[in-house]
Visitor: 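Got a structure here, written out as structure tokens. Questions coming.
One is the number of the first residue; the rest follow in order along the sequence.
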Amino acid sequence: MVSVHDWFPTLAGIVGAKVPGDRPMDGVDQAAFITGRQSKSSRESLISFIGEEVAAVRWRQFRIYPKEFVQTTGNPAMYGLTGHRIEGNGFPAIFTIEADAREEVSIIGTNAWVIAPYLRVVGEYLKTLKAHPNPRAVNMTEFGR
């Protein structure tokens, strides 16, 4: 797993530059993985957002959604033009992307143990916001906030 966030620390490491240490960084140095000196990525998790809200967490081979996506028709994209998200009775949807690349069958009933690392990843992220809050997300439909 490699994220666009990883390019800054990776390229900084390759050219011998220092990454700022006075704030949390979303990226990890992937130079060893990209150059083949390491067989696995240095990244174990990745948080994805919709606006300022956590939309998904990738942890190892699992993708966890705090809210489930509901698809609609009328658009070539998987979830359609007017797809939306709903609460899942207080439990996230969990998919193993190696076995279910289209993320069609949630495995929460048989792999609920994945909730513990999911909560750890999100908890560690939330702790960083106390001292280093994120800037407001760009939104093209909400004005005047």
Side-chain angles (χ1 to χ4, degrees), residues 1-88 90-141:
M1 174 181 1
V2 176
S3 168
V4 67
H5 307 293
D6 299 334
W7 288 110
F8 175 64
T10 301
L11 293 174
I14 289 171
V15 300
K18 292 190 180 206
V19 174
D22 62 339
R23 68 200 85 148
M25 299 300 286
D26 293 332
V28 295
D29 186 344
Q30 297 278 17
F33 177 60
I34 291 169
T35 59
R37 295 180 315 221
Q38 181 176 299
S39 64
K40 289 190 166 197
S41 165
S42 297
R43 175 179 289 284
E44 186 175 71
S45 64
L46 178 67
I47 301 175
S48 298
F49 297 87
I50 294 178
E52 297 172 10
E53 186 177 356
V54 173
V57 175
R58 168 87 187 267
W59 178 75
R60 297 185 181 171
Q61 75 268 26
F62 300 99
R63 186 163 297 128
I64 304 108
Y65 293 94
K67 292 182 180 177
E68 294 186 48
F69 285 84
V70 177
Q71 62 186 8
T72 62
T73 59
N75 187 296
M78 182 174 173
Y79 290 105
L81 182 61
T82 59
H84 58 281
R85 298 181 310 144
I86 59 170
E87 293 287 340
F91 292 96
I94 301 174
F95 301 93
T96 178
I97 58 177
E98 290 176 349
D100 181 16
R102 291 183 56 109
E103 299 176 354
E104 295 177 321
V105 179
S106 178
I107 57 170
I108 183 73
T110 57
N111 288 273
W113 64 271
V114 175
I115 292 174
Y118 155 73
L119 292 175
R120 179 188 49 80
V121 168
V122 173
E124 289 172 359
Y125 162 72
L126 292 174
K127 284 181 195 174
T128 69
L129 295 180
K130 292 178 183 169
H132 303 281
N134 288 335
R136 286 191 46 84
V138 174
N139 187 312
M140 302 301 253
T141 60

Visitor: Calculate, to the nearest 0.5 Å, the distance between atoms CZ and CD belonging to Arg63 and Glu98 respectively.
Guide: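 Reported value, rounded in 0.5 Å steps: 11.5 Å.
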Visitor: Ser41 side chain to Met1 main-chain N or O, any donor-acceptor pair under 3.5 Å?
Guide: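 Yes.
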Visitor: So Ile64 and Ile115, do their side chains get closer than 4.5 Å, heavy atoms only?
Guide: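 No. Closest side-chain heavy atoms not under 4.5 Å.
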Visitor: Between Pro92 and Tyr118, which heavy-atom pair has the shortest distance, and what is it?
Guide: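 Heavy atoms of Pro92 and Tyr118 come nearest at CG-CE2, 4.0 Å.
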Visitor: Minimum heavy-atom separation for Ala55 to Pro66, with atom names?
Guide: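 Result for this residue pair: O-CD, 3.3 Å.
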Visitor: Please round to the nearest 0.5 Å and tell me the distance separating atom OG1 of Thr35 and atom CD of Gln30.
Guide: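 One finds 10.5 Å between OG1 of Thr35 and CD of Gln30.
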Visitor: Taking side chain as C-beta onward, heavy atoms only, is Ile94 less than 4.5 Å from Trp59?
Guide: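 The answer is no; the side chains never approach within 4.5 Å.
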Visitor: Testing the basics here: between Ala137 and Gly51, what is the closest heavy-atom pair and its distance to 0.1 Å?
Guide: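 Answer, listing the atom of Ala137 first, then Gly51: CB-C, 3.4 Å.
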Visitor: May I have the step-by-step check of side-chain contact (heavy atoms from CB on, under 4.5 Å) for Val114 and Arg60, ending in yes or no?
Guide: CA-CA 10 Å; Val114 175; Arg60 297 185 181 171; over 6 Å; no
Visitor: Between the main-chain N or O of Lys40 and the side-chain N or O of Gln38, is there a donor-acceptor pair closer than 3.5 Å?
Guide: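 Indeed, once roles are kept as given, a pair shorter than 3.5 Å links the two residues.
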Visitor: Do Arg58 and Ser48 touch side chain to side chain, with heavy atoms closer than 4.5 Å?
Guide: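 A side-chain contact is absent here, since even the closest heavy-atom pair is not under 4.5 Å.
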Visitor: For the atom pair CD1 (Ile108) and CD (Glu68), what is the distance rounded to the nearest 0.5 Å?
Guide: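 It comes to 9.5 Å.
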Visitor: For residues Ile34 and Thr10, report the shortest heavy-atom separation together with the two atoms involved.
Guide: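 What the structure gives for the nearest pair is CD1-CG2, 4.1 Å.
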Visitor: Can you find a pair of side-chain heavy atoms, one from Val121 and one from Glu44, that are under 4.5 Å apart?
Guide: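 The answer is no; the side chains never approach within 4.5 Å.
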Visitor: Are any of the side-chain heavy atoms of Ser3 and Arg43 separated by less than 4.5 Å?
Guide: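 Side-chain contact under 4.5 Å: yes.
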Visitor: Any heavy-atom pair between the side chains of Phe8 and Asp26 that's under 4.5 Å?
Guide: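 Not touching, per the 4.5 Å side-chain cut-off.
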Visitor: Less than 4.5 Å apart, any side-chain heavy atom of Thr96 and any of Asn111?
Guide: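 Side chain of Thr96 against side chain of Asn111, heavy atoms only: no contact under 4.5 Å found.
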Visitor: How far does CG of Asp22 sit from NE2 of His132, to the nearest 0.5 angstrom?
Guide: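 Here the interatomic distance stands at 7.0 Å.
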Visitor: Minimum heavy-atom separation for Gly13 to Asp29, with atom names?
Guide: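 Taking every non-hydrogen atom into account, CA-OD2, 4.1 Å.
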Visitor: With no hydrogens and no angle check, is any side-chain donor or acceptor of Asp100 less than 3.5 Å from a backbone partner on Phe95?
Guide: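 Pair absent, no side-chain N/O of Asp100 close to backbone of Phe95.
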Visitor: What's the shortest heavy-atom distance between Ile14 and Ala31, and which atoms?
Guide: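 Looking at all heavy atoms of both residues, the shortest contact is CG1-CB, 4.0 Å.
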Visitor: Under 4.5 Å between any side-chain heavy atoms of Phe49 and Val54, yes or no?
Guide: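 They are in contact (side-chain heavy atoms under 4.5 Å apart), so the answer is yes.
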